[in-house]
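Owing to the predicted nature of the structure, the values given are computational and were not obtained by experimental measurement. Reminder, nothing fancy here: chain letters follow the sequence lines and each chain counts from 1.
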Amino acid sequence: GMPVEQNPPALSLYEGAESGLRCNFSTTMKGVQWFQQNHRGRLITLFYLAQGTKENGRLKSTFNSKERYSTLHIKDAQLEDSGTYFCAVEANSAGNKLTFGIGTRVLVRP
Amino acid sequence: VTLLEQNPRWRLVPRGQAVNLRCILKNSQYPWMSWYQQDLQKQLQWLFTLRSPGDKEVKSLPGADYLATRVTDTELRLQVANMSQGRTLYCTCSSGLGGTSQNTLYFGAGTRLSVL
């Protein structure tokens, strides 16, 4: 199967709501990164995690290397949070070579 | 603050023709530069990482052939040839390699290629 699986494939939520995205990977990874791709195609770096949890404003991400998953939580969703969210993993000897999931398309409605 | 400048932003490529892309690094604290492609199904895939001026690599993937060159400490180039399907090429940079937040990747705005 795919080395990086993201779910759900798509998510719709109303402004002010919260939801979580998940990324599962098939082997132990050294790190995980999350990106948001907006409607113009720009890829915005959200988080790098080698372990544990990070929080930035309304976004929070966790990385469990042992259980082989990462999550991204969005709270108090805003219209500008719409876009496609990608997780990307860094294998043990990969350097700058990240393996990307297929993304979760998020639509925030007013 | 923009770390990377890519040009052109968009190009229509006649079938059989090659196209040359450029990426300029604006902050020398992020010298590890890479190319990624995004296909029409939105799948992102690593192509190359080139650190030193003079480094060159070639690769063939479904739908295109690539030649990447690190020209200088601040310039990365990519030649795309024999493209049969449209795609977007992204340049990235990071401050280091491996296992720490130094490997955090930052993306340029991308060059969108369409086949004529």
key: Region of Gln38(B) in contact with chain A, defined by heavy-atom distances below 4.5 Å   = side chain
query = Does a side chain donor of either Arg109(A) or Ser12(A) reach within less than 3.5 Å of an acceptor in the other side chain?
reply = yes
query = Rounded to the nearest 0.5 Å, how far does CH2 of Trp35(B) lie from OH of Tyr90(B)?
reply = 12.0 Å
task = Could you look at Gln51(A) and say if it's the side chain, the backbone, both or neither that has a heavy atom under 4.5 Å from chain B?
result = neither
ask   = Side chain, backbone, both or neither: which part of Ser34(B) has an atom under 4.5 Å from a heavy atom of chain A?
value = side chain
ask   = Do the ring planes of Tyr36(B) and Phe107(B) sit parallel (below 30°), tilted (30 to 60°) or perpendicular (above 60°)?
value = tilted
Interchain contact, Phe47(A) with chain B, by part (heavy-atom threshold 4.5 Å) = neither
Stepwise side chain to side chain donor-acceptor pair (under 3.5 Å) test for Gln6(A) and Tyr85(A) = CA-CA 9 Å; Gln6(A) 286 190 246; Tyr85(A) 289 77; over 6 Å; no
